[in-house]
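Lettering of chains follows the sequences in order, A, B, ..., and the numbering in each one begins at 1.
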Number of protein chains: 2
Amino acid sequence: MPRQRPLTPAVIAAAALRVGDREGDRAMTMRRIAAELDCDPMALYRHFPDRQALLDAVADLALADAPGPDPEADWETRLRAVMAAIRSAALAHPGIAAHIAARPPLGEHGRRLGTAMLAALAEAGLSPADVVRASQTLVAYLAAALAMAVRAGERDDRWRHVAETLAAPPVGAAGEELFATGSAEQFAYGLRLLLAGIRAEAAGQTG
Amino acid sequence: MPRQRPLTPAVIAAAALRVGDREGDRAMTMRRIAAELDCDPMALYRHFPDRQALLDAVADLALADAPGPDPEADWETRLRAVMAAIRSAALAHPGIAAHIAARPPLGEHGRRLGTAMLAALAEAGLSPADVVRASQTLVAYLAAALAMAVRAGERDDRWRHVAETLAAPPVGAAGEELFATGSAEQFAYGLRLLLAGIRAEAAGQTG
DNA sequence: ACCTGAACACCGTTCAAGT
DNA sequence: ACCTGAACACCGTTCAAGT
């Protein structure tokens with residue numbers, strides 16, 4: 001990998017994302033990222049105060065691929081679109097997805113997508129205070145669903161056991177219905193519950 | 001701290017929980033836990049295959065304080081009680097709370113609480129398959145809310161900025177309504193949305 | 001056979017020494 | 001003044017050497 005000059009935050013973030021895509025999140029160390037750029041590890045500290053800040057930049061970069069919703073669609077379609085776009089973009093880069101789940105990035109792209117969510121919730125008819133609360137709930141759910149999806153993809157027999165126990169509870173005739181945690185179907189079901197809750201909340205406020 | 005003999009998984013987990021309560025999650029290293037017990041770090045490996053397994057045991061121990069719901073209450077009250085009990089128990093031990101959020105423990109206490117959740121959802125009138133899906137959604141939401149609450153309590157100015165941006169969006173007259181992410185109020189609102197969604201789902205299935 | 005602790009292969013970050 | 005890389009203070013875990 002040839003040395004890329006000049007070193008900028010964007011160049012560093014892109015290199016880190018490459019390392020993460022190729023070798024996983026545990027490989028995204030200051031030393032490995034520096035090796036990818038063929039520079040001294042300490043050179044990274046001239047562009048980021050610490051590793052956390054560097055990963056924040058990588059997380060926001062991964063969200064660059066998440067398109068905003070069609071502005072002409074109704075609020076619920078837009079909300080589903082934003083949630084799906086963030087989920088897709090994050091899972092396309094499994095190396096950084098866990099970091100996105102752990103701390104929602106608020107760089108350029110995070111703010112763009114967040115604003116779209118808030119606007120959709122306002123249009124749904126929630127009060128300004130409830131727009132905030134509902135958005136935090138949606139971000140929380142999205143983060144957890146992402147974290148589960150990442151782990152489900154990992155080789156982690158312990159988690160597979162967790163998934164199986166969660167998916168096959170001693171609750172009756174569930175039997176064949178095994179749904180992997182973190183699956184797209186599981187994600188859609190939770191979002192459906194939340195949207196039904198938002199509709200009920202909005203109806204309660206207008207009615 | 002005097003040496004406790006004999007060394008058992010329970011004694012080790014209790015010591016680790018103490019370290020975490022006192023010095024935070026980053027202090028729960030194999031070496032520090034061994035120091036708390038005045039034993040060789042390698043002695044821990046005779047009782048747990050690796051650090052992850054040890055933390056799983058600590059997480060389940062923290063949930064021991066979460067009481068099960070009153071069996072005579074209606075399903076919704078029971079569900080709220082279980083969610084609140086897990087949240088309280090986890091936040092009472094901030095050193096391990098993040099680990100609980102990252103991987104729902106399925107030891108004795110995790111299973112006990114999980115079973116109570118599933119039973120409540122079944123009684124709500126969901127199909128067995130939807131009981132599973134709804135429970136996974138609730139666990140996901142609980143995990144994310146816990147993770148946010150833990151971070152909100154940390155000295156993390158970057159996260160505080162995240163919280164402020166999320167809580168004061170450019171969406172209109174939100175203005176004074178600033179709700180910290182991870183607050184009890186925020187948690188209650190999200191749970192309310194989910195319960196409304198579950199009620200709607202149950203009504204759709206019976207009707 | 002069991003247990004120990006030295007050693008391995010790493011970390012993020014500091015800081016003194018070089019240019 | 002800027003940059004570098006050696007060094008610090010750690011990790012989780014392996015494994016050879018002791019008892």
Side-chain angles (χ1 to χ4, degrees), chain A residues 1-9 11-13 15-20 22-59 95-96 98-99 102-103 105 151 154-159, chain B residues 1-9 11-13 15-20 22-59 95-96 98-99 102-103 105 151 154-159:
Chain A
M1 206 49 67
R3 183 159 198 167
Q4 288 168 278
R5 287 216 166 275
L7 224 50
T8 65
V11 166
I12 293 170
L17 187 59
R18 242 179 298 141
V19 172
R22 197 197 316 131
E23 304 176 60
D25 60 326
R26 307 197 67 172
M28 298 177 68
T29 68
M30 299 305 266
R31 283 164 153 96
R32 296 287 283 276
I33 295 162
E36 174 81 11
L37 290 161
D38 192 24
C39 73
D40 190 277
M42 286 315 300
L44 307 179
Y45 285 90
R46 291 196 297 114
H47 298 94
F48 296 99
D50 53 29
R51 181 169 179 262
Q52 183 96 281
L54 197 163
L55 292 185
D56 287 342
V58 177
I96 198 63
H99 189 260
R103 49 167 29 208
R151 276 195 302 266
E154 276 174 7
R155 286 281 163 77
D156 182 346
D157 289 333
R158 208 181 308 272
W159 179 260
Chain B
M1 209 45 68
R3 184 161 199 166
Q4 288 168 278
R5 286 215 168 274
L7 226 48
T8 65
V11 166
I12 293 170
L17 188 59
R18 242 178 300 144
V19 172
R22 199 198 316 133
E23 304 175 59
D25 61 325
R26 307 198 67 172
M28 299 177 67
T29 68
M30 300 304 266
R31 283 164 153 96
R32 297 284 284 275
I33 295 162
E36 173 81 9
L37 290 161
D38 192 23
C39 74
D40 190 279
M42 286 316 298
L44 307 179
Y45 285 90
R46 291 196 297 115
H47 298 95
F48 296 99
D50 52 29
R51 181 169 178 262
Q52 183 96 280
L54 197 164
L55 292 185
D56 287 343
V58 177
I96 198 64
H99 190 258
R103 50 168 27 208
R151 276 194 301 267
E154 278 173 6
R155 287 282 163 77
D156 182 346
D157 290 333
R158 208 181 309 270
W159 180 261

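Considering only heavy atoms from C-beta on, B:Met28 stays 4.5 Å or farther from B:Leu54 through its side chain. In this structure, the side chains of B:Leu7 and B:His47 come closer than 4.5 Å at one or more pairs of heavy atoms.
Residues A:Arg51 and B:Ala43 both approach DNA chain C. Their nearest nucleotides, taken by heavy-atom distance, put B:Ala43 toward the 5′ side.
Between C:dC3 and B:Arg46, a contact under 4.0 Å exists linking OP1 or OP2 to a side-chain N or O.
Remark: the separation of the C1' atoms in D:dT13 and C:dT13 is 23 Å, to the nearest Å. Taking the C1' atoms as reference points, C:dC8 lies 14 Å from D:dC10, given to the whole Å.
The interatomic distance linking B:Leu54 (CG) with D:dT13 (C1') rounds to 14 Å, in whole Å. Look at CZ on A:Arg26: it is 15 Å from P on D:dC11, rounded to the nearest Å. Here C:dC11 presents its P atom at 13 Å from CG of A:Leu44, a figure rounded to the nearest Å. Atom CG in A:Asp25 sits roughly 12 Å away from atom P in C:dG12 (whole-Å rounding).
Taking CZ of B:Arg51 as the start and CG of B:Leu44 as the end, the distance is 11.5 Å to the nearest 0.5 Å. Rounding to the nearest 0.5 angstrom, the gap separating the CG atom in B:Asp40 from the CZ atom in B:Arg31 is 10.0 Å. Taking CD1 of A:Ile33 as the reference point, atom CD1 of A:Ile12 lies at 9.0 Å (rounded to 0.5 Å).
Using a 4.0 Å heavy-atom criterion, one finds that A:Arg31 contacts the bases of the nucleic acid, with or without backbone contacts as well. As judged by a 4.0 angstrom heavy-atom cut-off over every strand, A:Met42 is placed among the base-contacting residues. Looking at heavy-atom distances under 4.0 Å, A:Arg32 makes contact with sugar-phosphate atoms alone, never a base.
Of the candidates D:dG12, C:dG5, C:dT13, the closest approach to any side-chain atom of B:Asp40 belongs to C:dG5.
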request  = Determine, step by step, whether A:Asp56 and A:Arg103 satisfy the side-chain contact (heavy atoms from CB on, under 4.5 Å) criterion, reporting the C-alpha distance in whole Å, the side-chain angles of both residues, the deciding distance to 0.1 Å, and the verdict.
outcome  = CA-CA 8 Å; A:Asp56 287 342; A:Arg103 49 167 29 208; 2.5 Å; yes
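Secondary structure note: stems in DNA chain D built from 3 or more consecutive Watson-Crick or G-U wobble pairs under 3.5 Å occupy C:4-8 with D:12-16, C:12-16 with D:4-8.
Put simply, the side chain of B:Arg151 gets close to the backbone of A:Ala102: a donor and an acceptor are under 3.5 Å apart.
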